Structure formats: structure tokens, C-alpha cells
Amino acid sequence: MGKVIAIANQKGGVGKTTTAINLAACLAGADMRILLVDMDPQSNAGSGLGIRKGMYSRSTYHVLVHRESLASVLQPTELETMFVAPASRELVGATVELAQEEDRDQRLKAAIAPLHDSYDYILVDCPPSLDILTVNALIAADSILIPIQCEYFALEGVSELMETIRQIRRLRNPDLEIEGVLLTMFDDRTNLCHQVMEDLKSFFGHKLFSTIVPRNIRLGEAPSYGRPILLYDIKSKGAESYIRLAKEIIHGTEKGAGKGLERPIGRPGS
């Protein structure tokens, strides 16, 4: 059965979609079967993988609001074992359209259920908010990965997110775990980044990933070419960091299953 990981932080601009795209690609590069579900109305997870608006007629909006099957909206990617369920601007209205539905916060969980056994990991890219879309993702997920940018206000809003996680555990998903906290946009030259890192270590302890994603021009360029960093520039520091993160995720999962296998990560066929 696949593991469902929600990538969430209500603060915008912290690298959620960059992490969703590149972690998914690196896991696929390790011969894992991957599904990336885009729940953000901005639809950047799809476009960052070359799936442009207008290339598809059905999206996660149709899955949540009209109960269409998740399998029916999937789009292939350059990576053979990786598929994407793209989003659309219509998701903006999903909160209103689902307001009177009793199961409005569990639509994604129900949609993912038939595909659990088809994938090793199902990653859910969440919008920068704690609305019904993110709540759906947290109820459907086994764990949450929290990207945090290394800046002065890094911890702003984290307490609100943690309170939401506690409420989800209490009311809907008692088994929801924190997969880890990922430092993004790290600039090793600044004292501020190091101070933020120490603050986060004190706050999250062992839940802070050892992988740190640096500020990297190539990471910023890759989405405009519709490619994950693994395919755009595998030798860049950005690619190296997400390959390390994928290994941390895999080893963490295998440790929980009593395994400890080494899996190489690289380009398909390499």
C-alpha cells in the first residue's frame, strides 16, 4: 500500500510546489511508482512538469466536487513511473460548492483509496492556506511534510498549522504523523539562515530533515522548461538536495517497515 504525504504550509513562497515536483521526480528516479496530486488552484505542480493548462479537460476539481475518479484525470510525465493529477482554477470555488456536503473534508481520501496499491508514494501539493483543500489533504495523508523558508518569519504561522494538525488527529485522522520539516532557500552565507535553522532544531528536534535545500538558480529555472531538476540539471546543488531528501524519505519508510535497502537515484535508465 502506498504512503500518502501531504506537502503543506499555509505560508506562501516557502517551496511547497518546488518540493512536491522535485521530491516526486527523485522518488520516481529511484524506481518508485509515484502519483503527484495537485490541490493548489494555481496549478503549478502540473505546469512545472510540462503539463500546461489547456492540455487537459478534467482536474482535481472534478474529483473533489463531481466525484469523478482520480484515475480518470491522471496525466503522464517524462518519468515513466510518475503520474500527475493536475489542478485547475475551478478549485477556488470548491470551498463554496462543498459547503453543504457532509463528507466535504473526506472527498480526497475516498478518491485516493482505489489507487493506494498502485503507487509507492502519493504526494499531495497543498495551497498556501488551511482551507478545505488542505484539510482534505491532511485527512487523506499518512504524514505531512512541512517546507519552511529560512527567513525571519519562518516560525510565523507554524503554531497555527500544528494546531490544525492536532485537530485533524483528534477529529478525523488520528494516525497523521509529521514526516519531517524541510529547510528551503537556505543561504549558507547569512547568519540569519543559521539562526533560523537552530530555532527550528529546538522546535522540531529529530523531525527536522538533515537535508537542506539551498537557494539555487537552476531550481528556479527548471519549472519554466516544464522539467523537474532531476531532468533539467542533475548535477546542480538543487538536484543533489532533493535526491538526498528522497533517500531520507525512502529510508524512513523502510526503517518503519523493518527494512534498510540502498536505492540509487538517477535519470531513468541511468
Side-chain angles (χ1 to χ4, degrees), residues 1-11 16-17 19-20 23-24 33-46 56 58-75 83-147 157 160-180 249 253 256:
M1 182 176 289
K3 184 173 188 178
V4 183
I5 302 176
I7 300 174
N9 186 335
Q10 77 271 26
K11 194 169 178 2
K16 287 187 297 295
T17 299
T19 295
L23 174 58
R33 296 165 299 166
I34 305 300
L35 172 58
L36 175 56
V37 179
D38 192 355
M39 293 288 283
D40 188 343
Q42 297 178 81
S43 313
N44 290 333
Y56 53 91
R58 293 289 183 268
S59 70
T60 48
Y61 164 82
H62 297 88
V63 174
L64 258 63
V65 176
H66 298 300
R67 299 180 187 270
E68 295 190 20
S69 72
L70 189 56
S72 70
V73 307
L74 300 189
Q75 297 289 321
F83 291 82
V84 177
S88 66
R89 291 296 300 171
E90 294 166 297
L91 277 173
V92 171
T95 299
V96 175
E97 293 184 66
L98 292 174
Q100 304 303 316
E101 303 293 332
E102 291 186 4
D103 66 341
R104 61 186 175 276
D105 57 358
Q106 299 189 63
R107 294 287 181 93
L108 184 61
K109 181 178 180 179
I112 285 176
L115 298 182
H116 252 131
D117 293 338
S118 300
Y119 296 93
D120 294 299
Y121 290 95
I122 299 173
L123 306 185
V124 184
D125 185 26
C126 299
S129 64
L130 293 177
D131 62 8
I132 192 64
L133 301 177
T134 298
V135 169
N136 259 273
L138 295 180
I139 290 175
D142 299 303
S143 63
I144 175 173
L145 190 159
I146 308 170
E160 185 179 353
L161 176 60
M162 298 305 291
E163 178 57 32
T164 299
I165 292 171
R166 282 191 285 270
Q167 290 181 14
I168 294 293
R169 284 171 173 165
R170 180 169 58 86
L171 299 173
R172 296 295 191 191
N173 186 1
D175 297 322
L176 180 65
E177 299 180 351
I178 295 177
E179 186 72 27
I249 297 287
T253 301

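Below, all heavy atoms of this structure are taken into account, side chains as well, without hydrogens, waters or symmetry copies. Computed from a prediction, not measured in an experiment: that's the story for all the values here.
- Take Thr17 and apply the side-chain hydrogen bond (donor to acceptor under 3.5 Å, both in side chains) test, not counting sequence neighbours, and it matches Asp125.
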Do any side-chain atoms of residues 94-101 form donor-acceptor pairs under 3.5 angstrom with protein atoms, and if so which ones, sequence neighbours left out?
unit_1	atom_1	unit_2	atom_2	d
Glu97	OE1	Tyr61	OH	2.9
Glu97	OE2	Tyr61	OH	3.0
Glu101	OE1	Arg107	NH2	3.3

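- The distance from the CD1 atom of Ile165 to the CD1 atom of Ile144 is 4.0 Å, given to the nearest 0.5 Å.
- In this structure, the side-chain contact (heavy atoms from CB on, under 4.5 Å) partners of Val135, at least two apart in sequence or on a different chain, are Asp105, Ile139, Ile168.
- Between Pro128 and Gln10 there is no side-chain heavy-atom pair separated by less than 4.5 Å.
- With sequence neighbours left out, the side-chain contact (heavy atoms from CB on, under 4.5 Å) criterion links Ala85 to Val37, Thr60, Leu70, Val73, Leu74.
- Taking CG from Leu123 and CG from Leu145, the interatomic distance works out to 8.5 Å, rounded to the nearest 0.5 Å.
- In this structure, the separation between NZ on Lys109 and NE2 on His116 is 9.0 Å, given to the nearest 0.5 Å.
- Taking the salt bridge (charged side-chain N to carboxylate O under 4.0 Å, His left out) definition, one finds that Asp40 meets it with nothing, sequence neighbours left out.
- Taking Arg104 as the reference, nothing meets the salt bridge (charged side-chain N to carboxylate O under 4.0 Å, His left out) condition, with sequence neighbours excluded.
- Residues passing the salt bridge (charged side-chain N to carboxylate O under 4.0 Å, His left out) test with Lys3, sequence neighbours excluded: Glu179.
- Checked by atom type and distance alone, the side chain of Ser43 pairs as donor or acceptor with a backbone atom of Ala87 at under 3.5 Å.
- Within 6.0 Å of CD on Gln75 lie more than 12 heavy atoms contributed by other residues, nucleotides or ligands.
- Proximity of Pro41 to Leu133: side-chain heavy atoms (C-beta onward) are separated by under 4.5 Å at one or more points.
- Scored by the side-chain contact (heavy atoms from CB on, under 4.5 Å) test, Gln167 finds Glu163, Arg170 as partners (sequence neighbours excluded).
- Minimum interatomic distance between Val63 and Ala111 (heavy atoms only, all atoms of both residues): CG1-CB, 3.4 Å.
- Checked against Tyr121 for a side chain to side chain contact (heavy atoms under 4.5 Å, CB included), the options Leu36, Leu23, Asp142, Ile34 give a single hit: Ile34.
- If you take CD1 on Ile132 and OG1 on Thr134, they are separated by 9.5 Å, rounding to the nearest 0.5 Å.
- Here Glu90 pairs with nothing under the salt bridge (charged side-chain N to carboxylate O under 4.0 Å, His left out) rule; sequence neighbours left out.
- Taking Asn44 as the reference, nothing meets the side-chain hydrogen bond (donor to acceptor under 3.5 Å, both in side chains) condition, with sequence neighbours excluded.
- For residues 63-73, the set of pairs meeting the salt bridge (charged side-chain N to carboxylate O under 4.0 Å, His left out) definition, not counting sequence neighbours, comprises Arg58-Glu68, Arg67-Asp103.
- In this view, Ala141 and Val4, Ala6, Leu176 satisfy the side-chain contact (heavy atoms from CB on, under 4.5 Å) rule, not counting sequence neighbours.
- Proximity of Lys11 to Leu161: side-chain heavy atoms (C-beta onward) are nowhere separated by under 4.5 Å.
- Note that CZ of Arg166 and CG of Leu171 are 13.0 Å apart. Values are rounded to the nearest 0.5 Å.
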Going through the checks in order, is the side-chain contact (heavy atoms from CB on, under 4.5 Å) test met by Ile178 and Met162? CA-CA 10 Å; Ile178 295 177; Met162 298 305 291; 3.3 Å; yes
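- Here the CD1 atom belonging to Ile7 is positioned 6.5 Å from the OG1 atom belonging to Thr19, to the nearest 0.5 angstrom.
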